[in-house]
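Below is one structure, written out as structure tokens; comments come after it.
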Amino acid sequence: MAELAATHGEGLGRLVVVNWAPEAIGLVRALQGLGAASLVLIGTHAAAAVEASLVAARARGSVEYLAASVGDGVEVFAEFLGRAASVATAGSVIVLPHRGRGETDAFSRLTCTAIHRACRGQPPRIVVAVEDPEATHEFAGLGVTTIFYPGFLRAALLAHACLDLGVLRFMLALLRGGLRVQSWPLPPELRERSFRDACLAVETDPEGRPVTLLGLFDAERTMVVNPGPGRSLAGATGLLVLTGQDT
């Protein structure tokens, strides 16, 4: 959503959301908060079934709901998108997962195909929420500019980078400013010792809080992270230290 705001400036203009359902009302609120001028929501629920969930949203701005689905056929849906939703004039189109209709990402891909045809190959910005990151290549050539999926940060860290929850919390603490990585001068008494000796000797910061030694700077001032316990500190110009830890 932040990328949409960055692209369109302060106002998002007219947005079309496909495969919308009442449980995604939070997305409507978020888009209105970011400055969407109007919203066209397209889903498979009957109009009468979603009216109650849209009352508050309609009080804040223009919100139109249309019942349709690519499950009716790609060509039929493409014609509907062009005629009823005027999808080609939208600032952006958001395609949400539609569960319960076979393979979710395949359904989204057919939706994007219909959008592409409705816009004669020149669609507006299309943002797609996929279920499986491995399916992203299947949207090539359909005008999709951004793909995201639930838990993408967790998946990137845990699956792709093979990091555990402790590392994720550590990274968040760094981002929030609770922890800091600093360069400290090498104490003279450690100049001929090993990195293991430094880990045992450097335990607290000037305020008495625990610290963790992460690495060192060599003679060329190159940062060396986790150099190994046997690494000699001869020629080292400094230490890389994690500070700000709670006692």
Side-chain angles (χ1 to χ4, degrees), residues 1-70 77 80-82 84-100 104-105 107-108 111-112 114-116 118-119 123-131 133 136 139 142-157 168-169 171-178:
M1 297 307 99
E3 292 187 15
L4 286 176
T7 300
H8 296 287
E10 293 184 359
L12 298 181
R14 178 174 172 271
L15 303 181
V16 174
V17 182
V18 187
N19 299 329
W20 185 84
E23 55 265 28
I25 191 63
L27 175 63
V28 174
R29 290 194 295 266
L31 293 173
Q32 289 181 321
L34 288 172
S38 65
L39 294 170
V40 177
L41 311 176
I42 302 173
T44 58
H45 291 72
V50 304
E51 286 305 309
S53 65
L54 293 176
V55 171
R58 284 181 168 146
R60 290 191 294 269
S62 174
V63 179
E64 180 182 10
Y65 178 80
L66 303 171
S69 168
V70 76
F77 192 52
F80 170 84
L81 289 172
S86 301
V87 69
T89 65
S92 295
V93 182
I94 300 174
V95 179
L96 299 177
H98 180 59
R99 300 174 181 85
T104 302
D105 292 332
F107 196 85
S108 295
T111 299
C112 291
I115 296 170
H116 200 262
C119 299
R125 176 188 177 94
I126 302 176
V127 180
V128 181
V130 301
E131 291 287 289
T136 57
F139 293 83
L142 296 177
V144 176
T145 56
T146 301
I147 290 177
F148 67 97
Y149 52 96
F152 70 94
L153 177 59
R154 181 180 65 249
L157 291 176
L168 175 59
R169 288 172 174 165
M171 294 179 68
L172 290 175
L174 284 175
L175 291 172
R176 291 169 177 166

For [Y], does its backbone N or O pair with a side-chain atom of [X] as donor and acceptor, under 3.5 Å?
X     : Y      : result
Tyr65 : His45  : yes
Arg58 : Val63  : yes
Ser92 : Ile126 : no
Asn19 : Val95  : no

Any side-chain heavy-atom pair of [X] and [Y] under 4.5 Å:
X      : Y      : result
Leu39  : Trp20  : no
Leu41  : Val50  : no
Cys119 : Val87  : yes
Thr136 : Val144 : no
Val128 : Leu142 : no

What closest approach, in Å, do [X] and [Y] show between heavy atoms, and which atom pair accounts for it?
X     : Y      : answer
Gly82 : Ala118 : N-CB, 4.1 Å
Val16 : Ala90  : CG2-CB, 3.8 Å
Arg14 : Ser86  : NH1-O, 3.1 Å

